[in-house]
Amino acid sequence: MTLFRQLLALILLSLTLSLAGVLWLSFDNSRAFLASQLTTDIDNTSVSLAGALQPYLDPLEPVLIESTLKAYADGGFYQQLHVTLYDTEQSWTESRELSRAGVPDWFMQLNLLPVVERRVILTSGWMQYGELTIKGHPGVATQTLWQTFIQLLSWFAMITLIIVALAALGIRKILRPLQHIHQTSERIRQHKFDSAIPLPKTRELRTVVQAINQMSQQLQQDFAESDQRQQQLKDQAFRDPVSSLANRRFFNQQLQVWLQQEPRGVLALLKLPALSQRDQQSFVERDRAIAKASQLMQQHLTGVSDALLCRLGLDEFVVILPGQSIEQSQRLLQQVQHTLQELFSNSNRSIWIGACWVNHPMSVSEAMALVDQALQQARNEDDGQVHVLTEQAEVMQRSELVSTLQQAVEHGAISFSQQPVYALLSEKSLVHYELFARLEFPIGTMLPAASFMSTLDECELGLRFDQQAIRLVLAQLRKKPEARVVLNLSAASLKSTAFQRWLRTQLQDYVDVLPHFGLECSEESVLYNQAAVQSLVSLLREFEVCFGLDRVGRNFASMAYVQQIRPDYVKIDAAFTQSLSSSPQESVFLTSLVSTIRALSIQVLAVHIEDSEQLEQLSQYRFDGYQGYVHQPEPFLQSVSEQTLSAEGETK
């Protein structure tokens, strides 16, 4: 029972006992008064009636005696009037059955009022002629007593309700700080420290509230300091201080991970000779030029999915454009080149950009050799063009890719593989499966999602693709519910309010399988669409659908967004788990990052764990679970046509 109800019950009990005592005293006084009045009335009537009968006793006049008795019986409240003569043994009796309307039987049976009876000797002078018996009737007095009882009880109930209502309002007002304390404690448990409790006027509660507020502020400060500490560690390990871009070490990690996972996209190397010419000038001026060039390049890459820009050296920058086609990348790089050429218009040196098309796994050295070859070609020709090395036989034409994507969206030509995510302490403890979408081509080849996501966004098919994928997965789960599966959302879906309305309808239709379903998105999607993601998370929380964040730590952003989004789990970017023991500095950063997120009571998962050696190293970083090719993906769902989905809808 809540404290409010306990206090209200105590007040109600005390009030009931007090008013019950007052009610009984008032009722008992009324009963005693009516009993006294009944006795007095019988006494007066006996004297009066005896006097009225005396003239008719000698000589005896029976008719007048009977008339007198009837007159008294009709004019009073008497149960019986009886006259008996001694000599003649004559008697007269008048009885009346008086009404007791509205008085229940149980109340009459309590016999709260006595039946008063008086006997009087009838005399004339010194002679005794007979006896008069008067028996009172308590019916009317009982009816009066009942009405008094009802009135007192009504007043009692009304006063009780008024006092209880006032007490409830008063208690709620007094206990409002406790409600705030409870709400704040719950938010603190969820590691949300964004509100302070107003100080109450009650001295004892004021002290408690001050302590809670101080504790909340301290926890918020601790989290902010932890976040700042891990951010500083990340900057020291992976950020170039002049350009504020990722450094060579971070680039090598990201490139290695990308090249290992069915890569498809463009790797570009940019050389800005104008920066090396500034050696004769001040370092401050050169650093300003580097920072300005970096800022302009970042502006062009803003919104490009998973793009990564790094600084390799004094005048060299590198860009990874995963999922981008050759045409898309060439247009983007030419825009970057044009902007940089304008920035260094005073210099007589060109901006050289060489790129290579990557569509199969390779080593870092092989990829860098290709992109360096492209850069040398751009440098030798010096024609102001972006040079992209590619093998045309392996490049799918854009029109064919777009056509295939449209067919997949319209007819559901999508298949999935699933990879298990296990708890770190027990390999038998399955957390969930992550689903990987693949596109089927008529010739039987399969294209991973990373290879066509950018084309989906460019053709504005990302939203429809996600809708089709979600329909397929939910339909499959209804037919065969298994462990929870998690599907990745594109940025296009996160930006769309129409998608959230559509998703609500789907969740309502498939509410029976939602414990087996979850969604996740990348860190970049949250950073660029934080308000939309928060709205999506609120919708998923409403239906108790799992939500997670992928590739956390890839960007140089504060972990405050994780605190606001409150996902069920996060997956640390694979670049950090690929080199768990590469350097003490990186180990300290990874430990700080995991600890900061775990402090929010959020599961932290490691990805791309490929062997038992990596698995053993995870325990020292306090990961909750892991995922990787130590457990190979397995098929989840074969391609399903639109007709199959329609049939599934008809069976619902």
Side-chain angles (χ1 to χ4, degrees), residues 245 251 254-255 258 263-272 274 292-312 316-345 350-359 367 370-406 439 447 449-463 465 490-492 495 524-525 528:
L245 301 177
F251 165 72
Q254 293 291 334
L255 181 61
W258 181 54
R264 190 178 184 89
V266 170
L267 175 65
L269 186 62
L270 296 82
K271 190 169 185 64
L272 284 61
K292 182 61 176 179
S294 302
Q295 182 182 3
L296 292 174
M297 286 186 283
Q298 282 182 309
Q299 290 176 357
H300 282 284
L301 295 175
T302 299
V304 179
S305 179
D306 298 335
L308 177 65
L309 173 64
C310 305
R311 184 187 178 203
L312 297 185
E316 289 185 340
F317 297 82
V318 67
V319 179
I320 302 178
L321 300 172
Q324 297 290 308
S325 66
I326 295 177
E327 295 83 355
Q328 291 173 309
S329 303
Q330 198 157 20
R331 286 197 303 268
L332 177 63
L333 293 173
Q334 285 175 348
Q335 293 172 1
V336 172
Q337 186 182 48
H338 178 71
T339 301
L340 293 177
Q341 202 71 58
E342 290 182 349
L343 176 65
F344 299 109
S345 58
S350 300
I351 305 298
W352 302 321
I353 300 180
C356 68
W357 166 253
V358 180
N359 66 343
L370 289 175
V371 75
D372 188 64
Q373 179 182 346
L375 182 65
Q376 289 300 325
Q377 183 177 347
R379 184 173 183 175
N380 293 335
E381 296 181 4
D382 199 13
D383 55 0
Q385 297 295 316
V386 175
H387 289 264
V388 181
L389 291 181
T390 181
E391 299 179 21
Q392 294 297 331
E394 297 183 5
V395 179
M396 174 178 293
Q397 296 298 322
R398 174 176 172 76
S399 59
E400 182 182 354
L401 177 59
V402 172
S403 175
T404 304
L405 288 173
Q406 290 174 342
L439 200 60
L447 192 64
S451 301
F452 57 79
M453 289 307 297
S454 61
T455 307
L456 280 174
D457 293 338
E458 186 178 5
C459 299
E460 299 182 352
L461 294 173
L463 174 60
F465 185 88
S490 67
K495 299 174 185 176
E524 290 88 353
S525 299
Y528 294 135

Fill in: Shortest non-hydrogen contact between Cys310 and Phe251, atoms and distance
SG-CB, 3.6 Å
Worksheet item: Between His338 and Gln334, do the side chains contain an N or O donor and an N or O acceptor separated by less than 3.5 Å?
Response: no
Worksheet item: Could you state the interatomic distance from CG (Leu321) to CG (Leu333), rounded to the nearest 0.5 Å?
Response: 6.0 Å
Fill in: Nearest non-hydrogen partners of Leu309 and Ser294, listed with the distance
CD2-O, 4.2 Å
Discussion item. Can you confirm whether Leu267 sits close enough to Val318 that some side-chain heavy atom of one is under 4.5 Å from a side-chain heavy atom of the other?
Written reply: yes
Worksheet item: Roughly how far apart are Glu524 CD and Thr302 OG1, rounded to 0.5 Å?
Response: 12.0 Å
Worksheet item: Taking it one step at a time, do Val304 and Gln328 satisfy side chain to side chain contact (heavy atoms under 4.5 Å, CB included)?
Response: CA-CA 10 Å; Val304 179; Gln328 291 173 309; over 6 Å; no
Discussion item. With rounding to the nearest 0.5 angstrom, report the CD1 to CD distance, Ile351 to Gln341.
Written reply: 5.0 Å
Item to complete: Check whether any side-chain heavy atom of Leu270 sits under 4.5 Å from a side-chain heavy atom of Leu340, and report yes or no.
Response: yes
Response to the item:
Tested for side chain to side chain contact (heavy atoms under 4.5 Å, CB included) against Pro322, the lone hit among Leu308, Asp306, Val358, Val266 is Asp306
Item to complete: Kindly indicate whether the side chain of Leu301, heavy atoms from C-beta on, has any atom under 4.5 Å from the side chain of Leu332.
Response: yes
Worksheet entry | Identified side chain to side chain donor-acceptor pair (under 3.5 Å) counterpart of His387 within the set Gln376, Gln330, Glu381 | Glu381
Worksheet item: Below 4.5 Å, heavy atoms only, C-beta onward: do Ser490 and Phe465 meet side chain to side chain?
Response: no
Fill in: Nearest-0.5 Å distance, CG of residue Leu296 to CD of residue Gln335
13.0 Å
Worksheet, complete the sentence: Closest non-hydrogen contact found for Gln324 with Trp357 is O-CZ3, 3.1 Å
Worksheet item: Is Asn380 close to Gln377 at the side-chain level, that is, under 4.5 Å between some pair of heavy atoms?
Response: no
Worksheet item: How about Lys271 and Phe317: do any of their side-chain heavy atoms sit closer than 4.5 Å?
Response: no
Worksheet item: For the residue pair Ala378 and Trp352, what are the closest heavy atoms and their distance?
Response: O-CD1, 4.1 Å
Worksheet item: Does Glu316 use its side chain to pair, donor to acceptor, with the backbone of Leu269 at less than 3.5 Å?
Response: no
Worksheet entry | Where Cys356 and Ala367 come nearest, the two heavy atoms and their spacing | SG-O, 4.1 Å
Discussion item. Can you give me the closest heavy-atom contact between Gly354 and Val371, atom names plus distance?
Written reply: O-CG2, 3.3 Å
Worksheet entry | Distance (rounded to the nearest 0.5 Å) between His300 NE2 and Thr339 OG1 | 2.5 Å
